Each structure stands twice: as C-alpha cells, then as structure tokens.
Amino acid sequence: MVIGIADCNNFYASCERVFNPALEGKPVVVLSNNDGCIVARSNESKALKIKMGEPIHHYKELVKSKGVHVLSSNYELYGDMSARIMRLLNRFVPVMEVYSIDEAFLDLTGFDDVVSRCHSLQRTLKAWTGIPISIGVGPNKTLAKVANRIAKQTPSMDGVLYLSELAQIQAALADFPCEDVWGIGYQFNQLLKRNNIKTALELTQVHDVWIQKHMTIDGLRLVDELRGNFRRDLDLSPSPKKSIGSAPSFGEAIPDLPTIQEALATHVARCAEKLRRQYSAANLITVFLHTNRFNPKVPQYFQTRTVSLPHASSATSELIQYADSVLQSIYQDGYHFKKVGVLLSGFVPDDFHQMALYTEQPDPRMKQLSNVMDQLNGKYGRDKVRLAIQGFKQNWKPKRQLLTKRYTTRIEDVIRAT
DNA sequence: TCTGGGGTCCTAGGACCC
DNA sequence: TCTGGGGTCCTAGGACCC
C-alpha cells in the first residue's frame, strides 16, 4: 500500500489569510470560542515561540511588541473551505479518507512518480483555494504521518516526503522522537521515557507483549505500522457520529438554576439539530455540571448523570425536557457553575424506533452451545474440558460471530495437546 | 483575573440474562 | 447445587486525536 496524508498548513490561520491577504507574512493567531486559548498559529507566530493551546493572556507583551494579529475563530468559514479542499483532492485521488477538518488520507497505491504527483497536487490546491498543504507518504497511515511531519520541518523538501524503502524508514525513525508519533501523547511518552525509549526506531524494537500490556491494542497497531506493516485501513465512508455533545463554558460562573437551565436548553437544541441532520435518534442523554476547576479557592462540584430515554428521540422539545429534569436532579445550591453540558448517545436510525423491532428473542446459539458443552463433557470428562477451557480462555476471546464449530475444535485441540 | 470544544477507542468489573 | 459457556448493558477511568 502507498498511503499519503495531505495536511493543510496552519489551517485556520491560512483560511483567515485567504480572506484577508494583508495578513500574509505577518504573525497570526486564531483563538478558541470565547477567545480564551490559541488554537492556530501562522509560521511567524510559531517562530515567536507562541504555543498551541495556551491562553492568549500569557502573550500580552509579545502581541503588543511584535504586532501579532489576534483573531476570533470563524468555524463556518473553515468548514466551507475544508469542504472545497476535500472535493478538490478527491478529483485527483478517488480513494481517500477525510480524517479531520484539515487532513485527508489518500490511497496512492498504483500511482507512478508519487513525489511529483504530490507536488502538483500541492500547487493545484494552492492555486485554486489559496491554502498551502504538505503531503507525507508511506506504506501506512502512521508512517505517512511521520513523513508529513518531517516534510514540514525540512524546508528543502518543499512539503512532500515519501518514505518508501525500509532503510529509509529506519533512518528517519532513528531521528524521530516518540512524542511526535501520531497516537503517542503525554502519558505514553512519559511511560516510554521511564523505560529509556526515546526514538521511534527504539520503539519498533520493543516486544509486542510489553506494548500491548502498557499501551493497549491501539499501541500495538501503531508500533507495528512504524515497523512498516499495514494495520489500519482507510475509512472511506464517513460513519454517523456515535455521540453528539455540547458544553461550552460560561464567560462567568453562574450560581442560579434558571440561567443554567436556559443555557442547557440551547445546547440541547444545537445537539438535536445535528442529530437530525444525520438521521439519528438518541436513546441516552447525559448532563454534566461543573464549577470552575481552575479556581481552587471556590468550592468544587462536579456531577454527571446519564439516563436512558423511554424511547429514542430526536425531537428538540422532548430532549430539552429530559435534559432539564436530569439537570434538576444534579443541581445543588451554593455553587458557582462554569459549565453545563449535554451529551446525546445510544443512537438508532431516526425512523427505526417507530417500528416495533424490539421484541426479545432468545439467541438460538445458546441452545447450540450448551449441547456442544454437554457432548464434550460426555466425551472427555468434565474436568478435562474445564482445564482445556482455562488454558486458552485468557488469550482467546471469541467475538460476536461465535462459531460453535471452531470453538469445539479449539477445545479438542487443547485436550489433545494436554 | 483570564485556562477550548468536540470527538474516538480501549479496559475492566459488576449485574444480569439465556 | 455447582460448574462450564456467550452475551449485553452500565459505569468509570484512561488514553488519544484535531
């Protein structure tokens, strides 16, 4: 496989520049919703050591002295721009996965002269949308991400790098810190540091068992991809969301219930709209209520409650009503709340719930299975069967599609071996 | 003083059902 | 009466991504 990742450079900042070319060449930062944190930076801002995610007030001096342009975010604009970019990419690369607002995985398998193809894609996008992109290419998603990062850091590459040969990959990984690997965040990096694993190359040499134990099955897949194996397919059709939530903070902490109720209703309405747009209805509703966790001086209160609805719903008024009753059940007097939020989940297709599909039916495989168990017990004796099962139970978890025959064979194998 | 918001997946244990 | 089996739902916590 040949997998690319196309990634827009400094996406929000670049979008702002498209609509205001005067910002070209100047340091730009874009802020989060209520203008709290920095969520995007132009290269010039990065050069000033302005960090991602930091509150803007940390940079008061710098903003003034260096003339940094500070902008509120405009997600509608970014969404539109993103859709244009994805459509355009798709014209040149038919098999792709839209991974985030500013990234897409591209299946470049079978393309010839991958590097120059990527360069021309880059030029086309820049010319037609004004947005600069970088493209990393490798045998799988993880290595494509690695390549992309290196391409961005190395000006001579002009934003494109294809890691193809094993030797080339290993050379790149030898200089690549673990913390920059896609899927390794702060906690895993600390863990690796404690075990003296610093580069991605070193990580590829760690035993699978250790990786899976400490970093779960996701970690194992990731490490396997660093080794050059293909473990994660492109996700070609965007699946409907599994949960939809909304929980912006209040500008100021709020003590009184009616104001909180009103805010919650607004959030629920927004979620319900999203829910209907994807033709889902929710079975579960979660409400949470927080005080300001950053202010240790005020008494803290943090409550979350999930309730299941009597029937799946996507109706705004109905959902608001349920959310409100949950809110009232967790609300407590005497606190100043900074955030109230809602999360809808447990989705079913919207018209599905109207059909009476929820008749309980016993699973026929149960009967089948107990017959098999009886037969085995009769044939080998209860103790042997039990021992055999214990032997492989830990390592082998049959999934949903239980195949009784396969299961029986496994048990018999183990008995024969012991 | 001020500190984002919206998502995903995995693990593990307990209650309960067939 | 106990054991063996698969399975769901729920909760809670922990990790990650952009």
Side-chain angles (χ1 to χ4, degrees), chain A residues 7-8 11-12 30-40 51-60 72-73 75 78 82 98-103 141 145 181-191 212-222 232 235 239 241-249 251-253 267 270-271 274 283-284 286 292-295 297 304-308 338-339 341-346 360-374 376-377 380-390 393 397-404 407-408 411:
Chain A
D7 183 358
C8 301
F11 185 55
Y12 297 170
V30 179
L31 303 182
S32 62
N33 271 359
N34 33 12
D35 287 350
C37 293
I38 294 163
V39 294
K51 291 215 190 75
M52 185 73 169
E54 290 276 299
I56 185 66
H57 65 85
H58 285 179
Y59 296 103
K60 234 186 206 159
S72 298
S73 45
Y75 290 103
Y78 311 147
S82 172
V98 176
Y99 175 66
S100 73
I101 193 163
D102 68 338
E103 287 170 283
K141 286 182 170 181
K145 281 281 215 176
V181 173
W182 179 49
I184 296 184
Y186 180 80
Q187 294 297 334
F188 284 158
N189 189 239
Q190 294 302 307
L191 169 78
Q212 177 156 3
K213 183 173 171 209
H214 293 97
M215 299 170 69
T216 80
I217 191 76
D218 288 335
L220 187 57
R221 272 198 281 265
L222 177 161
R232 287 183 283 197
D235 188 358
S239 39
K241 301 237 177 309
K242 295 179 174 169
S243 65
I244 293 174
S246 174
S249 309
E252 208 174 301
H267 303 159
R270 193 198 300 173
C271 292
K274 279 194 197 171
N283 268 306
L284 296 169
T286 304
N292 186 356
R293 68 195 164 104
F294 294 108
N295 187 349
K297 287 180 205 140
T304 300
R305 182 162 295 166
T306 302
V307 300
S308 51
K338 183 70 178 172
K339 183 187 278 196
V342 62
L343 188 73
L344 303 177
S345 58
E360 300 277 336
Q361 281 192 2
D363 188 334
R365 293 173 308 183
M366 298 296 178
K367 187 75 195 156
Q368 209 183 338
L369 185 68
S370 69
N371 287 342
V372 168
M373 290 307 292
D374 283 347
L376 284 173
N377 285 339
Y380 298 103
R382 207 169 262 271
D383 288 345
K384 261 197 170 168
V385 173
R386 193 191 306 169
L387 266 176
I389 290 166
Q390 276 170 1
K393 212 164 74 176
K397 294 183 191 161
K399 293 278 183 229
R400 325 200 109 131
Q401 327 78 333
L402 164 73
L403 297 174
T404 317
Y407 196 72
T408 317
I411 295 174

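Model, not experiment: these values are computed from the prediction. Throughout, a chain's letter reflects where its sequence line sits, starting with A, and its residues are numbered from 1.
- Comparing the P positions of dT3(C) and dA15(B) gives an interatomic distance of 15 Å, to the nearest angstrom.
- Remark on DNA chain B: of its neighbouring residues G53(A) and T216(A), the 5'-side contact belongs to G53(A), judged by nearest-heavy-atom nucleotide.
- The backbone N or O of L31(A) sits nowhere less than 3.5 Å from a side-chain atom of Y12(A) that would complete a donor-acceptor pair.
- Minimum atom distance to the side chain of F294(A) is reached by dG4(B), of the listed dG4(B), dG7(B), dG6(B).
- Here K145(A) does not reach the OP1 or OP2 of dC17(C): none of its side-chain N or O atoms lies under 4.0 Å away.
- Between S249(A) and dG5(B) there is a side-chain polar atom (N or O) within less than 4.0 angstrom of OP1 or OP2.
- Between R221(A) and P248(A), the residue anchored nearer the 5' end of DNA chain B, judged by the nucleotide with its closest heavy atom, is P248(A).
- E103(A) comes within 4.0 angstrom of sugar-phosphate atoms only, judged by non-hydrogen atoms across all strands, and of no base.
- Here the nucleotide nearest the side chain of Q187(A), chosen from dC18(C), dA15(C), dC2(B), is dA15(C).
- In this structure, the nucleotide among dC17(C), dC9(B), dG7(B) sitting nearest to the side chain of I244(A) is dG7(B).
- A side-chain contact (heavy atoms from CB on, under 4.5 Å) with M215(A) holds for exactly one of L222(A), L191(A), L220(A); it is L191(A).
- When the C1' atom of dT1(B) is taken as reference, atom CG of D35(A) falls 16 Å away, rounded to whole Å.
- In this structure, OH of Y78(A) is placed 18 Å from P of dC18(C), rounded to the nearest angstrom.
- Atoms CZ and OG1, from R221(A) and T216(A) in turn, are 8.0 Å apart once rounded to the nearest 0.5 Å.
- Between the OH atom of Y99(A) and the C1' atom of dT8(B) there is a distance of 9 Å, given to the nearest Å.
- When rounded to the nearest whole Å, the span between NE2 of H267(A) and C1' of dG6(B) equals 13 Å.
- Rounded to whole angstrom, the span from the NZ atom of K242(A) across to the P atom of dC9(C) amounts to 14 Å.
- With hydrogens and angles left out, the side-chain atoms of D35(A) and S72(A) include a donor and acceptor closer than 3.5 Å.
- If you check dG6(B), dC18(C), dG4(B) against the side chain of S246(A), the one that comes closest is dG6(B).
- Proximity note for K241(A) (side chain, C-beta onward) versus dT8(B), dT3(B), dC18(C): the nearest is dT8(B).
- For the pair Y75(A) OH and dG7(B) P, the computed distance is 13 Å after rounding to whole Å.
- With dC9(B), dT11(B), dG4(B) as the choices, the nucleotide that has an atom nearest any side-chain atom of I217(A) turns out to be dT11(B).
- The nucleotide whose nearest atom lies closest to any side-chain atom of C37(A) is, among dT3(B), dG5(B), dC9(B), dT3(B).
- To the nearest angstrom, C1' of dT8(B) lies 12 Å from NZ of K141(A).
- With distances taken from any side-chain atom of T306(A) to the nucleotides dT11(C), dT11(B), dC16(C), the minimum falls on dT11(C).
- Across all strands shown, dC18(B) pairs with dG5(C); the Watson-Crick or G-U wobble distances both stay below 3.5 Å.
- The R270(A) side chain lies nearest to dG6(B) when the options are dG6(B), dT1(B), dT8(B).
- Distance CG/D218(A) to CZ/R232(A): 7.5 Å, rounded to 0.5 Å.
- Under 3.5 Å, the side chains of S243(A) and S345(A) contain no donor-acceptor pair of N or O atoms.
- Out of dG6(B), dC9(B), dC2(B), the shortest distance to the side chain of D218(A) is found at dC9(B).
- Under the 30°/60° scheme for interplanar angles, the aromatic rings of Y99(A) and W182(A) are found to stand perpendicular.
- When the side-chain nitrogen and oxygen atoms of K338(A) are compared with OP1 and OP2 of dG5(B), none of them lie within a distance under 4.0 Å.
- F11(A) comes within 4.0 angstrom of nothing in the nucleic acid, heavy atoms only.
- We find that CH2 of W182(A) is positioned 14 Å from P of dC16(C), with the value rounded to whole Å.
- I184(A) comes within contact range of the sugar-phosphate backbone alone, with a heavy-atom separation under 4.0 Å but no base atom that close.
- Nucleic acid contact class of K339(A) (heavy atoms, under 4.0 Å, all strands): sugar-phosphate only.
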